[in-house]
Amino acid sequence: INKQLEKMKQNQECERRKRIAEEKHKEWVKKKREEERRERKRKLSKEMVEKVTRELEKMQLQEKADIKYKEWLTKKRAEEAEKKKKEKEKEKEREAELLEKRTRSEKIFKEWLQNSRNKPQPALNGYGFPHGKSSGLY
C-alpha cells in the first residue's frame with residue numbers, strides 16, 4: 001500500500017510538474033506571440049512614418065520644381081515679349097526710314113525734273129567735232 005501510495009504521489013507529482021511545465025510553456029508562447037505582434041506593429045508604424053516622410057519630401061521637391069519651372073516660364077515669356085517688341089520697333093524704324101527715303105527721292109526727282117526743263121539742250125555738233133565726237137586726233 002505504501003508503495004502504491006508513493007507511486008500515486010510520484011504520478012501526481014509528475015502530473016503536476018507536467019501541468020506546470022505546460023502552463024509555463026503556454027505562457028511563454030503567449031508572451032512570445034505578444035512580443036512578436038508588438039514588434040510587427042512597431043516595424044509597421046516605423047515603415048509608415050518613413051513612407052510618409054519620403055512622400056512629403058517628394059511632394060516638396062515636386063513643388064520646388066514646379067515653382068522653378070513657373071519662374072523659368074514667366075522669364076522666358078517675358079524675354080519673348082521683349083524680343084517681339086524690339087522686332088516690331090525695328091520694323092517700324094525700317095518702315096519709317098524707307099518712307100523717308102522714298103519721300104526724299106521723290107522730292108529730288110521732282111527737283112531734277114523741274115531743273116531739267118529749264119536747262120538748255122547741248123549742241124550736237126559743237127566745237128568742230130563731227131557728230132559731237134572726236135575723230136581720233138587731238
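This is a predicted model, so every value here is computed, not measured.
For the atom pair CD (Glu57) and CD (Glu55), the distance works out to 11.0 Å, reported to the nearest 0.5 Å. From Glu39, atom CD reaches atom NZ of Lys32 across 10.0 Å, with rounding to the nearest 0.5 Å.
The side-chain contact (heavy atoms from CB on, under 4.5 Å) test applied to Arg37 returns Glu34, Arg40, Lys41, not counting sequence neighbours.
Between Lys51 and Glu47, the closest side-chain pair of non-hydrogen atoms is not below 4.5 Å.
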Using a 3.5 Å cut-off and no angle test, enumerate the donor-acceptor pairs between side-chain atoms of residues 17-28 and protein atoms at least two apart in sequence or in another chain.
none

Which pairs of donor and acceptor atoms, one on a side chain in residues 58-66, lie under 3.5 Å apart (sequence neighbours left out)?
from  : atom 1 : to    : atom 2 : distance (Å)
Gln62 : NE2    : Asp66 : OD1    : 3.4

When the side chains of residues 93-106 are checked against the rest of the protein, which donor-acceptor pairs come out under 3.5 Å, sequence neighbours left out?
from   : atom 1 : to     : atom 2 : distance (Å)
Arg94  : NH1    : Glu91  : OE1    : 2.9
Thr103 : OG1    : Leu99  : O      : 3.1
Thr103 : OG1    : Glu100 : O      : 2.7
Ser105 : OG     : Lys101 : O      : 3.1
Ser105 : OG     : Arg102 : O      : 2.8

Taking distance alone, no hydrogens or angles, what donor-acceptor pairs closer than 3.5 Å link side-chain atoms of residues 69-87 to residues at least two apart or in another chain?
from  : atom 1 : to    : atom 2 : distance (Å)
Thr74 : OG1    : Lys70 : O      : 3.1
Thr74 : OG1    : Glu71 : O      : 2.7

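Within a 6.0 Å sphere centred on CD of Glu13, heavy atoms belonging to other residues, nucleotides or ligands number more than 12. For Glu15, the CD atom is loosely surrounded, since the number of other residues' heavy atoms within 6.0 Å does not exceed 12.
Apart from Ile1 itself, the hydrophobic cluster it occupies contains Leu5, where clustering links Ile, Leu, Val, Met, Phe, Trp and Tyr at side-chain heavy-atom distances under 4.5 Å.
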- request: Check the pair Arg54 / Glu50 against side-chain contact (heavy atoms from CB on, under 4.5 Å), numbers first and verdict last.
  value: CA-CA 6 Å; Arg54 276 195 307 267; Glu50 287 175 358; 3.9 Å; yes
